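Computed from a predicted structure; not experimentally measured. Numbered from 1 within each chain, the chains take letters A, B, ... in sequence-line order. No hydrogens, no waters, no symmetry mates; every other heavy atom, side chains included, goes into these values.
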Amino acid sequence: MPELPDVEIYRKYLQSTAFNQKIVKADFYCPRILHDITERRLQSALRGCRFTAAERHGKHLFAALDDTKWLVLHFGMTGFLAYYKDPDKQPSHVCLQVAFDNGYYLAYDCQRKLGQISLTADMESYIKKLGMGPDAMDQELSFSTFKDRVANGRGMIKSALMDQDRIAGIGNIYADEILFQAGVDPKAKAGRLDEDRLRAIFRKTKEVLSTAIDRQAHPEDFPRSYIIPRRQAGAACPKCDGSIEAVKVSGRTTYYCPKCQK
DNA sequence: ACATTGACCTGAGAGC
DNA sequence: TGCTCTCAGGTCAATG
């Protein structure tokens, strides 16, 4: 689930729930999710601290601990956050549970355990180390930077959009939506697209992602012209009288309308 | 340089 | 009802 819009919603959720409360305890339930850090070190980094800020870069969430270090959360395919007081509200695949002094808990839940939890003193260098490109929603991201990063190579445009090293934050389903809204064939060669199509993709990237954030990433609340709520082969295209087809692009199932996307 | 495949994990849903 | 099969919104490494 968690692509840029979902992680942005988690960021706001964290901000509006767990901020500025003292952490009294942290419990870990799946060691494999820890990345380059031991349970002990993370435990001692968390205890006694408060979450004081939350930033997002691509699909990564950075939660500041007393403004001195960052808890880094990546959600894999199935991760999410939950804040609750009643232990009955605890979700079923908790990997990390933080207890606060007000009696509430914050859980990082990840059913398939494909996410990662880490710690860093410096967010910028962490991002750099991972080789991530600029965030897709970064206000500073200009068309020319976007073009330089995305419109090169012989690969397909959908793969380029999903490549976190080029632009961070776009995953399988939002790549499909962006290309559907831009009217571009997901298999088109990234390096062969003309200026107009690239501009359309750039514009739709911002538009689709911000629309998704506004709608809380609930597909049922997306505009009627969106393809995301209709991700099945044979579904009616929301823009023409054709129908949606499923194909594989870089191994990922891709839904698109062959009539609208050339 | 790029596409493809399989691996990492677990569970939901389809089909029988 | 229960079994088996396929698939899932992410990423990485190995292979062609």
Check: For the pair made of OH in A:Y174 and C1' in C:dG10, what is the distance, rounded to whole Å?
Finding: 15 Å
Next item on the list: Would you please say whether a donor-acceptor pair under 3.5 Å links the side chains of A:K69 and A:T120?
Entry: no
Margin query: By the 4.0 Å heavy-atom rule, please label A:E3 as base, sugar-phosphate, or nothing.
Written below: sugar-phosphate
Next item on the list: For the pair A:D185 and A:K158, find out whether any cationic side-chain nitrogen is under 4.0 Å from an anionic carboxylate oxygen.
Entry: no
Note to self: Can you measure A:D36 atom CG to C:dC12 atom P for me and round it to whole angstrom units?
What the structure shows: 12 Å
Next item on the list: Could you state the atom-to-atom distance from CZ of A:R231 to C1' of C:dA8 in whole Å?
Entry: 10 Å
Next item on the list: Starting from P on C:dT11, measure out to CG on A:L161 and report it in whole angstrom.
Entry: 14 Å
Check: Is the distance between the ring centroids of A:F146 and A:F202 less than 6.0 Å?
Finding: yes
Margin query: Between A:H74 and C:dG10, is there a contact of a side-chain N or O with OP1 or OP2 at under 4.0 Å?
Written below: no
Notebook entry, point to check: Between the side chains of A:N102 and A:Q21, does any donor sit under 3.5 Å from an acceptor?
Noted result: yes
Notebook entry, point to check: How is A:T78 classified with respect to the nucleic acid when contacts are heavy atoms under 4.0 Å: base, sugar-phosphate, or nothing?
Noted result: nothing
Checklist line | NZ/NE/NH1/NH2 to OD/OE distance under 4.0 Å, A:K147 and A:E195 | finding: yes
Checklist line | Any residue of residues 209-221 of chain A with a heavy atom less than 4.0 Å from an atom of DNA chain B | finding: none
Check: Given the P atoms of B:dC9 and C:dC3, what is the spacing between them in whole Å?
Finding: 25 Å
Margin query: C:dT11, OP1 or OP2 - any side-chain N/O from A:Q164 closer than 4.0 Å?
Written below: yes
Notebook entry, point to check: Think A:R32 has a side-chain N or O under 4.0 angstrom from the OP1 or OP2 of B:dC8?
Noted result: no
Margin query: Could you tell me how far apart A:D109 (CG) and B:dG11 (C1') are, to the nearest whole angstrom?
Written below: 12 Å
Check: Does the side chain of A:Q139 pick up a donor-acceptor pair with the side chain of A:K206 at under 3.5 Å?
Finding: no
Check: Within 45° of the six-membered ring axis of A:F19 and under 6.0 Å from that ring's centre, is NZ or CZ of A:R50 located there?
Finding: no
Check: Do A:Q181 and A:E207 have side-chain N/O donor and acceptor atoms under 3.5 Å apart?
Finding: no
Check: Once you round it to whole Å, what is the distance between P of C:dC12 and CG of A:D165?
Finding: 8 Å
Note to self: Check for me whether the distance between the ring centres of A:F75 and A:Y10 falls short of 6.0 Å.
What the structure shows: yes
Item checked: Separation of C:dG10 P from A:I33 CD1 (nearest whole Å) -> 15 Å
Item checked: Lys/Arg-Asp/Glu bridge criterion (N-O < 4.0 Å) met for A:E124, A:K128 -> no
Checklist line | Whole-Å gap separating C1' (B:dT10) and CD (A:Q111) | finding: 5 Å
Next item on the list: Would you classify A:Q116 as touching base, sugar-phosphate or nothing, given that sugar-phosphate means primed atoms plus P, OP1 and OP2, and contacts are heavy atoms under 4.0 Å?
Entry: nothing
Check: When you check the phosphate oxygens OP1 and OP2 of C:dA8, does a side-chain N or O of A:R112 lie under 4.0 Å from one of them?
Finding: no
Notebook entry, point to check: B:dC8 phosphate, OP1 or OP2: any side-chain N/O from A:K113 under 4.0 angstrom?
Noted result: no
Notebook entry, point to check: What string of B, S and - do you get for nucleotides 1-7 of chain B, 5' to 3', when a contact is any protein heavy atom under 4.0 Å?
Noted result: SSSS---
Next item on the list: Provide the Watson-Crick or G-U wobble partner of C:dG9, both distances under 3.5 Å; none if there is no partner.
Entry: none
